[in-house]
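Below is one structure; the comments refer to it alone.
Quick caveat, the model's predicted, so the values are computed rather than measured.
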Amino acid sequence: MVELNVFHRIFNPGAQFAWLKKDLQSVDRSVTPWLVAAWHSPWYNSYASHYQEFECMRLEMEELLFRYRVDIVFDGHVTSTTIFFLYPF
């Protein structure tokens with residue numbers, strides 16, 4: 001599981017971005033079949049007060065999550081619930 005800090009420098013090339021990339025590259029999926037990521041504020045939500053609040057982080061890091069096939073993301077902050085799926089079932 002990786003835990004990202006939404007309030008830390010998130011841009012490429014930044015320390016958190018480099019750490020995430022290196023960490024995801026090192027995962028052996030035969031040993032760790034599930035990749036889980038978490039952070040505080042959601043990238044996608046329908047709550048007007050926080051809509052696209054962390055869009056810059058999504059633009060920088062989302063492709064890495066897809067490339068290394070992160071299975072599920074947990075985040076919070078918004079007190080309403082939005083459900084979405086990254087991969088079709």
Side-chain angles (χ1 to χ4, degrees):
M1 176 170 184
V2 295
E3 177 74 31
L4 301 176
N5 182 344
V6 298
F7 302 108
H8 189 272
R9 181 178 168 84
I10 54 175
F11 300 104
N12 183 12
Q16 184 172 216
F17 184 93
W19 169 83
L20 177 62
K21 185 175 181 181
K22 184 177 178 183
D23 199 54
L24 293 174
Q25 287 173 333
S26 70
V27 173
D28 178 350
R29 294 303 284 257
S30 67
V31 176
T32 308
W34 288 87
L35 284 178
V36 178
W39 52 88
H40 181 65
S41 296
W43 293 343
Y44 295 97
N45 71 79
S46 57
Y47 188 55
S49 294
H50 297 286
Y51 180 68
Q52 292 189 328
E53 185 174 28
F54 290 94
E55 181 69 0
C56 56
M57 183 182 187
R58 184 191 70 79
L59 292 172
E60 291 292 331
M61 295 190 167
E62 186 176 49
E63 191 275 327
L64 281 178
L65 301 181
F66 281 112
R67 182 185 321 156
Y68 295 103
R69 299 188 47 84
V70 170
D71 295 292
I72 192 166
V73 170
F74 292 101
D75 51 30
H77 183 76
V78 178
T79 56
S80 60
T81 302
T82 302
I83 299 171
F84 64 96
F85 299 96
L86 294 177
Y87 300 104
F89 292 93

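Interatomic distance, CE of Met1 versus CD1 of Ile72, reported as 10.0 Å (0.5 Å rounding). Taking NZ of Lys21 as the start and CD of Glu63 as the end, the distance is 8.5 Å to the nearest 0.5 Å.
Partner Val70 forms a side chain to side chain contact (heavy atoms under 4.5 Å, CB included) with one of Leu20, Leu64, Leu24 and no other, that one being Leu24.
Looking at residues two or more places apart in sequence or on another chain, you find no side-chain contact (heavy atoms from CB on, under 4.5 Å) involving Ala18.
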Can you give each donor-acceptor pair under 3.5 Å made by side-chain atoms of residues 27-35, sequence neighbours left out, with the distance rounded to 0.1 Å?
from  : atom 1 : to    : atom 2 : distance (Å)
Asp28 : OD1    : Ser30 : N      : 2.9
Asp28 : OD1    : Ser30 : OG     : 2.6
Asp28 : OD2    : Ser30 : OG     : 3.3
Arg29 : NE     : Thr32 : O      : 3.4
Arg29 : NE     : Pro33 : O      : 3.4
Arg29 : NH1    : Tyr68 : O      : 3.2
Arg29 : NH1    : Arg69 : O      : 3.1
Arg29 : NH2    : Pro33 : O      : 3.0
Arg29 : NH2    : Asp71 : OD1    : 3.4
Arg29 : NH2    : Asp71 : OD2    : 2.6

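When hydrophobic clusters are built by joining Ile, Leu, Val, Met, Phe, Trp and Tyr residues whose side-chain heavy atoms come closer than 4.5 Å, directly or via intermediates, Leu59 is not grouped with Met57.
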